[in-house]
Amino acid sequence: DTINANQAEIHELKTMELKNIQRDMKVLTDGVNTVIAKLERAEGTWEMAENLYQLLANRVNDLEWDVKDLNREINY
């Protein structure tokens, strides 16, 4: 009886341990998925910022040429 009781208790402990591990894995998986989603949003924001920076740089360059052209017209 003692052996059977111990085996049943061991089985119960292993089952409980497995359930705890599965619960912890779900929590960790949810956390990792949240981090991945945030990184994807951050990457999208970064790409948008790079595109806006390039657009702004191009417009500033165009304005520089416009100012140079205007100065030439004024000086002639």
Side-chain angles (χ1 to χ4, degrees):
D1 287 340
T2 303
I3 292 174
N4 289 338
N6 287 343
Q7 285 178 337
E9 187 176 343
I10 289 170
H11 178 70
E12 186 177 317
L13 289 172
K14 284 183 179 180
T15 302
M16 186 180 359
E17 184 177 322
L18 182 60
K19 287 180 183 177
N20 288 340
I21 290 171
Q22 289 171 335
R23 183 200 63 225
D24 293 346
M25 287 297 294
K26 184 182 180 329
V27 169
L28 291 172
T29 300
D30 290 346
V32 168
N33 288 339
T34 299
V35 170
I36 288 170
K38 288 181 179 183
L39 284 173
E40 288 172 349
R41 283 195 307 271
E43 183 179 15
T45 301
W46 184 262
E47 288 175 4
M48 182 181 68
E50 285 179 330
N51 291 339
L52 288 173
Y53 174 79
Q54 187 62 44
L55 180 66
L56 181 61
N58 290 341
R59 288 190 178 174
V60 167
N61 190 37
D62 290 344
L63 285 174
E64 285 178 13
W65 284 105
D66 289 345
V67 168
K68 287 179 184 178
D69 290 342
L70 184 60
N71 279 335
R72 265 183 271 166
E73 287 179 19
I74 291 172
N75 290 328
Y76 283 114

Notebook entry, point to check: Got more than 12 heavy atoms from elsewhere within 6.0 Å of CG, Leu55?
Noted result: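 Count over threshold, so yes.
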Margin query: Are more than 12 heavy atoms, taken from residues, nucleotides or ligands other than Glu50, located less than 6.0 Å from that residue's CD atom?
Written below: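 Yes.
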Margin query: Is there a side-chain contact (heavy atoms from CB on, under 4.5 Å) between Gln22 and Met25? Walk through the geometry before answering.
Written below: CA-CA 5 Å; Gln22 289 171 335; Met25 287 297 294; 5.6 Å; no
[X] side, atom [atom1]; [Y] side, atom [atom2] - distance, nearest 0.5 Å:
X: Asp66; Y: Asn71; atom1: CG; atom2: CG; answer: 11.0 Å
X: Asn58; Y: Tyr53; atom1: CG; atom2: OH; answer: 10.0 Å
X: Asp24; Y: Thr29; atom1: CG; atom2: OG1; answer: 10.5 Å
X: Asn61; Y: Leu56; atom1: CG; atom2: CG; answer: 11.0 Å
X: Glu73; Y: Asn75; atom1: CD; atom2: CG; answer: 10.5 Å
X: Lys26; Y: Asn33; atom1: NZ; atom2: CG; answer: 9.5 Å

Next item on the list: Would you mind checking if Arg59 and Asp62 are paired as a salt bridge, meaning a charged N to carboxylate O distance below 4.0 Å?
Entry: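 A salt bridge is absent here (no side-chain N lies under 4.0 Å from a carboxylate O).
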Notebook entry, point to check: Hey, are the side chains of Lys38 and Arg41 touching, using non-hydrogen atoms and a 4.5 Å cut-off?
Noted result: yes
